[in-house]
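In what follows, a single structure is set out as structure tokens and then discussed.
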Amino acid sequence: MTRTARFLPGKTLPDALGAAMKRINAYGVIYPDGYHQVLVEKYSHGGVRYPHILMIIGEPRIHRHFFYPHVIGKAGRLLDYGCGTADNVRQLIRDGFPREQITAFDINRESIDLGIDLYRDREQMEDLFVVSEKFPFGIEEFDIVYSASVIHVIADETEFNNYLANAHSALRPGGVLFGSTLGLVDGVVRSPGNRGPPRLMTKKQLADSLAGTEFSRPDIVTRGGVPEYVPHHENICVFEFYTKKQTL
Ligand SMILES: C[S@@+](CC[C@H](N)C(=O)[O-])C[C@H]1O[C@@H](n2cnc3c(N)ncnc32)[C@H](O)[C@@H]1O
């Protein structure tokens, strides 16, 4: 069974690719005849690791984050930690963030290639990407770390702790971590065995995890609008967070 089996009933790979191409075409990307079929064949064989990513590509969210206006005004070296298709990196570049200051990192290439196939921009984007199973950056290399929809996919506790610790060590003192993750609506208790994103924290758990990694007490804003295809979406919200690496 391929990983495309993870598409929900009623959602197929060809439909999802077609819809993604339509959204991305709105940015001016032109597709040659037969391109949809080429992609369907390619991804029918290889699968799509995160079908959810394909459902949202072409609708970046970074510019709706409450801290985004400060990022654009701030500049500095920025790491997109768990960049996936790099939809958000393309939005940063469109909004004038200096591309030479951006690094887009992921532990695997699959979603990066999906983004490049859909945006058809390998030449313009390739040098921004770093892919490695191990976190490859040194201490204090970045001024800003962005984390979008990564925390909720990390099931393993050690990997989660390492993820936050890496973000912390890669930032200079006073540097900013901002991003978003799916979480639990206030008052909801997650029952064991629930389908859906593997790590759904309450607002307090997220705040404690960030503070426990020696980030400053975070600002966390709750947003709705979790798509219906996310299982138990009525119990789930989006947390946008912003915190800083404390200075000594
Ligand atoms: C749901 S996708 C989100 C991608 C992108 N940030 C976005 O908002 O569209 C989650 C991404 O996190 C990456 N990821 C998961 N665990 C990671 C880790 N420990 N370090 C870096 N990236 C990770 C996955 O490979 C995947 O590309």
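All values below come from the heavy atoms of this structure, side chains included, with hydrogens, waters and symmetry mates left out. Numbering of residues begins at 1 and proceeds along the displayed sequence. Both counts, for ligands and for their atoms, begin at 1 and track the order of listing.
E41 is linked by a side-chain hydrogen bond (donor to acceptor under 3.5 Å, both in side chains) to Q37, counting only residues two or more places apart in sequence or in another chain. With sequence neighbours excluded, no residue forms a side-chain hydrogen bond (donor to acceptor under 3.5 Å, both in side chains) with K22. For D127, the salt bridge (Lys or Arg N to Asp or Glu O under 4.0 Å) partners are R99, not counting sequence neighbours.
Between F135 and F137, the two ring planes are perpendicular [angle over 60°; tilted spans 30° to 60°].
Checked against the 6.0 Å centroid threshold, H36 and Y31 do not count as a close aromatic pair.
The residues lining ligand 1, counting any heavy atom closer than 4.0 Å, are Y50, I53, R61, Y81, G82, C83, G84, N88, D106, I107, N108, A148, S149, V150, V153, I154, E159, Y163.
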Could you go through the salt bridge (Lys or Arg N to Asp or Glu O under 4.0 Å) check for R77 and E100 one step at a time? CA-CA 8 Å; R77 296 153 304 163; E100 65 279 5; over 6 Å; no
